[in-house]
Number of protein chains: 2
Amino acid sequence: MSDDRWEPPAILLAVDLVILTLRASRLHVLLVERGVEPYEGAQALPGGFLQHSQESLVAAAHRELAEETDLDVETLRLEQLGVYDNPGRDPRGRVVSVAFLAIAPRLPEPTAGTDAADAGWQPTDLVLSGELELAFDHRRIVTDGIERARTMLEHSALATAFCGPTFTITDLQDVYEAVWGMSLDPRNFYRKIKKTDGFILPAGSARRKAATGRPARLFRAGPREVLYPPMIRPAESPNGKEPAQ
Amino acid sequence: MSDDRWEPPAILLAVDLVILTLRASRLHVLLVERGVEPYEGAQALPGGFLQHSQESLVAAAHRELAEETDLDVETLRLEQLGVYDNPGRDPRGRVVSVAFLAIAPRLPEPTAGTDAADAGWQPTDLVLSGELELAFDHRRIVTDGIERARTMLEHSALATAFCGPTFTITDLQDVYEAVWGMSLDPRNFYRKIKKTDGFILPAGSARRKAATGRPARLFRAGPREVLYPPMIRPAESPNGKEPAQ
DNA sequence: GCTACTTCTTGTCAGTTTGACAAAAACATA
DNA sequence: TATGTTTTTGTCAAACTGACAAGAAGTAGC
């Protein structure tokens, strides 16, 4: 098995990005319309090959994001999601892709870049249900990304990353409901959040969010990164949305 | 940015394996002594390059494990741990490595294979403390693997994978204590395990494990894969081992 | 201004789970 | 038979959860 002059094979490495955000209380994922073959015209995750053999994966991820969607996301924290190496996932040959996950606050509509004919936010439901078909194995990547986001919401203070610099507890609840795909009791949620030490900090006085109702207090992200004890996600019910009552 | 005839760079892809097991109530990791440069003679994780460009990552992982450590681990379930791509992690040039994690029951002492001068189990404490130095960035990979195993023990029935086909609840507790690095109250642990539906199933009558004391009942792994509610790992205390009382 | 309506926030209460610990059960050994 | 060890079953107060009532603080309609 070990010839004297055996050379290991070189592989094409790519990165793919799952960028999640909340719009109108629904979870959305950033997709681009592919401008080149293969899958030209199909929806796909932003991403692409390394530019040169010394480029790091995160650097490539940031670069592709900037190229394909002009979003100014310097501060975006990319979390490694996984490696996708199924032979045959790319018709061009063996391409191994490293997927990254990022959670973004309400972002502006992106505009198209170089390789992508169009870029925009799409509701994740459409992707999960298969109503919206994606190129390559990107549907699986999105599925994995959402699942990862779900568990991260349980154990880390990530939810605040979905919100702006200040937010209300109801905003936070919207995040949990959208990502977990179920509704929660506002009163129990309120209690749980406020009891979790260091999760959120008061930020100024109340302000109205909706046109009506009692104005909610404002908070900002606290120092705590890891939630202990964790937020416990209620057991999933067979039918989609879980009623709070 | 998009020349007409730009070719993406090809990268060397490798796999590394973190195989954890329990020996004498201590967590051990499988290491090999490198038989070739670089880091010849140093301890390292089993692993290596893809053999050909069509080989899948898991296939490569299984192959390397068999080559370097003759362990019969067909049934070993490999979990993707992460990608390590720090430029400069390998003096030979740009090598991107995909790490896999596996949990093994009490295994026999492995024997050396082709590329590895020697293979054997080493206590993870030695690696974490830095007493035992590893090649490349393998210490970080081991650290990440253990951390992953810790959270997996919380949320999945993985602990039974450390044990043989049948085991006692005390055996299971040993697993949790070794991986979490703390001691737990046997009575509360017993209650929690038995209350978690589908985690373990009774397996025959009692049998003696230690030479003394009341014989423990035997159990085998149950159908449940995901633990809900999870086993909650007590908050870490500043000093290493956490006393149960 | 007054009433209705909405949303946010604070409580209440019974049931469950946790952490700490006592004590019985079931063996081996001296 | 007495002693020691380990496993297993309980006990009890404290903390937490899920379901729900009700007060607080605004806007909108009349």
Side-chain angles (χ1 to χ4, degrees), chain A residues 25 154-155 163 166-177 180 182-197 199-219 227-237 241-245, chain B residues 25 154-155 163 166-177 180 182-197 199-219 227-237 241-245:
Chain A
S25 295
E154 294 187 74
H155 299 279
C163 309
T166 68
F167 48 86
T168 71
I169 291 193
T170 305
D171 291 338
L172 215 50
Q173 184 177 344
D174 281 346
V175 173
Y176 275 88
E177 291 189 337
W180 284 356
M182 53 178 64
S183 25
L184 307 168
D185 184 286
R187 299 160 290 190
N188 293 337
F189 184 83
Y190 199 96
R191 176 182 58 188
K192 173 77 176 173
I193 294 291
K194 294 216 72 171
K195 198 175 17 178
T196 303
D197 211 72
F199 193 176
I200 56 172
L201 299 174
S205 55
R207 206 180 47 184
R208 59 238 135 270
K209 174 208 173 182
T212 177
R214 173 175 177 172
R217 297 208 184 103
L218 287 179
F219 298 89
L227 298 186
Y228 183 84
M231 302 282 299
I232 309 158
R233 168 161 49 144
E236 206 145 353
S237 89
K241 282 269 181 177
E242 178 113 351
Q245 64 278 26
Chain B
S25 295
E154 294 186 74
H155 299 279
C163 309
T166 69
F167 49 84
T168 70
I169 292 194
T170 306
D171 291 339
L172 215 51
Q173 185 177 343
D174 280 348
V175 173
Y176 276 89
E177 291 189 337
W180 284 356
M182 53 178 66
S183 26
L184 307 167
D185 184 287
R187 300 159 290 190
N188 293 336
F189 184 83
Y190 198 97
R191 175 183 57 188
K192 174 77 175 174
I193 294 291
K194 295 215 74 172
K195 199 174 19 177
T196 303
D197 210 70
F199 192 174
I200 56 172
L201 298 173
S205 56
R207 205 182 46 184
R208 58 239 136 271
K209 174 210 172 180
T212 176
R214 172 175 179 171
R217 297 210 183 102
L218 286 179
F219 298 89
L227 299 186
Y228 185 83
M231 303 282 298
I232 309 159
R233 166 160 51 144
E236 205 146 356
S237 87
K241 282 269 179 177
E242 179 115 348
Q245 64 280 24

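Chain letters run A, B, ... following the sequence lines, proteins first and then strands; every chain starts at 1.
For B:Arg191, counting side-chain heavy atoms from C-beta on, the closest listed nucleotide (C:dT7, C:dC21, C:dT18) is C:dT18. Of the listed nucleotides (D:dA25, D:dC20, D:dT7), D:dA25 has the atom at the smallest distance from the side chain of A:Arg214. Of the listed nucleotides (D:dT5, C:dT12, D:dA24), D:dT5 has the atom at the smallest distance from the side chain of B:Thr212. Across D:dC20, C:dA23, D:dT7, the shortest atom-to-atom separation from the side chain of B:Ala216 is found for D:dT7. Checking C:dA20, D:dA19, D:dT7 against every side-chain atom of A:Asn188, the shortest atom distance belongs to D:dA19.
Computed from coordinates, the B:Arg187 CZ to D:dT7 P distance equals 13 Å when rounded to whole Å. With rounding to whole Å, A:Asp185 atom CG is found 17 Å from C:dG11 atom P. When rounded to the nearest whole Å, the span between CD1 of B:Ile169 and C1' of D:dT9 equals 12 Å. If you take CE of A:Met182 and C1' of D:dG18, they are 14 Å apart, rounded to a whole angstrom. One can place CD1 of A:Ile232 at 16 Å from P of C:dT16, the figure rounded to the nearest angstrom. Taking atom CZ of A:Phe189 as the reference point, atom C1' of D:dC16 lies 17 Å away to the nearest angstrom. When the P atom of C:dA26 is taken as reference, atom CG of B:Leu218 falls 16 Å away, rounded to whole Å. One interatomic measurement links the two molecules: CZ of A:Arg233 to P of D:dG18, which rounds to 14 Å at whole-angstrom precision.
Judged purely by atom type and a 3.5 angstrom limit, A:Tyr228 uses its side chain to pair as donor or acceptor with the backbone of B:Arg233.
A sub-4.0 Å separation between OP1 or OP2 of D:dT9 and a side-chain N or O of B:Tyr190 is present. For A:Lys192 and D:dG18, the shortest distance from a side-chain N or O to OP1 or OP2 is not below 4.0 Å. One finds no side-chain N or O of A:Lys195 lying less than 4.0 angstrom from the OP1 or OP2 phosphate oxygen of D:dA15.
Within 4.0 Å (heavy atoms only), B:Arg217 reaches sugar-phosphate atoms of the nucleic acid but no base atom.
Remark: of the listed residues B:Ile169, B:Leu201, B:Thr166, B:Asp171, B:Ile169 is the sole one forming a side chain to side chain contact (heavy atoms under 4.5 Å, CB included) with B:Phe219.
Remark: B:Thr170 OG1 to B:Tyr190 OH distance equals 8.0 Å, nearest 0.5 Å.
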**OP:** Evaluate the criterion side chain to side chain contact (heavy atoms under 4.5 Å, CB included) for residue pair B:Met231 and B:Ile193; output intermediate values, then yes/no.
**Re:** CA-CA 9 Å; B:Met231 303 282 298; B:Ile193 294 291; 4.0 Å; yes
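Side-chain contact between A:Lys192 and A:Pro229: present, with at least one pair of heavy atoms (C-beta onward) separated by less than 4.5 Å.
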